[in-house]
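So the structure is just underneath, and the comments pick up after that.
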Amino acid sequence: MSTDSGAGRLDLPGTPIFDGDTSRRGLRMNKLFMSLRDAGNRERFAAGEAAYCQGFGLTAEQERAVLDRDWQAMIDLGGSIFYVYKLAMMDGRSMQYLGGVFTGMGEDDFLAAMRAGGRRDG
């Protein structure tokens, strides 16, 4: 297996790359998201979101993104889509909803595009 990532792999306009630096930047936020797998933690989060965030030592910017449900900011601040989705599920949101947010299409349009074989750029 080659370790060569190829030219331009990290230069994909509009495509966030989740690499080691991103992982380190979002570590505390992603730990918070992963903690939501536990029902007791979900209850504590719902009872006091800001206090719960503070317990994980998020940056002010990360905390604001979580509290505002600014999905794009969470990704930009180091969130992994797989972990961010755990918070979205608490709000009753689907992966298709997030796909719509990230593509500017809206959930229904995103779902229709996926059913039609995927979004076509350009």
Side-chain angles (χ1 to χ4, degrees):
M1 179 163 89
S2 172
T3 57
D4 180 18
S5 60
R9 182 181 97 57
L10 298 178
D11 186 22
L12 303 169
T15 303
I17 303 298
F18 191 81
D19 59 8
D21 290 336
T22 305
S23 176
R24 284 185 289 282
R25 190 171 62 250
L27 179 64
R28 292 175 186 217
M29 188 171 54
N30 288 320
K31 282 187 175 186
L32 180 152
F33 298 144
M34 287 301 291
S35 77
L36 299 176
R37 293 178 298 173
D38 178 79
N41 289 339
R42 290 191 299 272
E43 290 174 12
R44 284 187 284 286
F45 179 79
E49 292 185 7
Y52 196 83
C53 287
Q54 291 164 7
F56 281 83
L58 304 186
T59 67
E61 205 173 10
Q62 288 171 331
E63 182 177 333
R64 180 61 27 220
V66 170
L67 298 177
D68 290 348
R69 300 306 196 268
D70 186 339
W71 308 107
Q72 186 63 59
M74 289 181 228
I75 297 297
D76 294 342
L77 294 167
S80 162
I81 184 59
F82 301 107
Y83 302 149
V84 169
Y85 181 52
K86 298 196 180 321
L87 177 60
M89 288 190 305
M90 284 197 58
D91 292 347
R93 301 297 189 171
S94 68
M95 185 59 83
Q96 292 79 18
Y97 167 81
L98 290 178
V101 167
F102 297 137
T103 60
M105 298 175 77
E107 183 174 7
D108 291 338
D109 290 339
F110 183 82
L111 185 56
M114 294 301 101
R115 287 185 172 147
R119 191 175 95 174
R120 305 286 187 251
D121 291 329

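Computed from a prediction, not measured in an experiment: that's the story for all the values here.
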What pairs with [X] under side-chain contact (heavy atoms from CB on, under 4.5 Å), at least two apart in sequence or on another chain?
{"X": "Leu27", "value": "Lys31"}
{"X": "Arg42", "value": "Leu36, Ala39, Met90"}
{"X": "Arg93", "value": "Ala88, Asp91, Tyr97"}

Checklist entry - Can you name the residues that form a ring pair (Phe, Tyr, Trp, His ring centres under 6.0 Å) with Phe56, not counting sequence neighbours? => result Tyr52
Item to check | Residue pairs, two or more places apart or on separate chains, that pass salt bridge (charged side-chain N to carboxylate O under 4.0 Å, His left out) and touch residues 77-90 | outcome: none
Item to check | Contact list for residues 45-62, test salt bridge (charged side-chain N to carboxylate O under 4.0 Å, His left out), sequence neighbours left out | outcome: Glu49-Arg69
Checklist outcome for this item: Residue set satisfying side-chain hydrogen bond (donor to acceptor under 3.5 Å, both in side chains) with Asn41, at least two apart, ordered chain then number -> Arg44
Testing the basics here: between [X] and [Y], what is the closest heavy-atom pair and its distance to 0.1 Å?
{"X": "Ala113", "Y": "Met105", "value": "CB-CE, 3.6 Å"}
{"X": "Arg24", "Y": "Asp21", "value": "NH2-OD1, 2.6 Å"}
{"X": "Gly40", "Y": "Asp38", "value": "N-OD2, 3.0 Å"}

Checklist entry - Hey, quick one: are Leu67 and Phe33 part of the same hydrophobic cluster, counting side-chain heavy atoms closer than 4.5 Å, chains of contacts allowed? => result no
Item to check | Close side-chain approach of Arg64 and Asp70, heavy atoms under 4.5 Å | outcome: no
Checklist entry - Looking at CZ of Arg28 and CG of Leu58, how far apart are the two atoms once the value is rounded to the nearest 0.5 Å? => result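 That separation rounds to 8.5 Å.
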Checklist entry - Roughly how far apart are Glu63 CD and Asp68 CG, rounded to 0.5 Å? => result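 The CG atom of Asp68 is 10.0 Å from CD of Glu63, to the nearest 0.5 Å.
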Next on the checklist: Is it the case that the side chain of Gln62 and the backbone of Gly57 share a donor-acceptor pair, with hydrogens and angles ignored and the cut-off at 3.5 Å?
Outcome noted: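 It does not hold such a pair.
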Checklist entry - By salt bridge (Lys or Arg N to Asp or Glu O under 4.0 Å), which residues pair with Arg115, not counting sequence neighbours? => result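 If we apply the salt bridge (Lys or Arg N to Asp or Glu O under 4.0 Å) test to Arg115, skipping adjacent residues, there are no hits.
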Ignoring hydrogens and angles, write down the donor-acceptor pairs under 3.5 Å from the side chains of residues 74-85, residues two or more places apart or on other chains.
residue: Asp76; atom: OD1; partner: Gln72; partner atom: NE2; Å: 3.0
residue: Ser80; atom: OG; partner: Phe82; partner atom: N; Å: 3.3

Checklist entry - Would the number of heavy atoms belonging to other residues, nucleotides or ligands and lying under 6.0 Å from CG of Asp108 be above 12? => result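 12 or below, so no.
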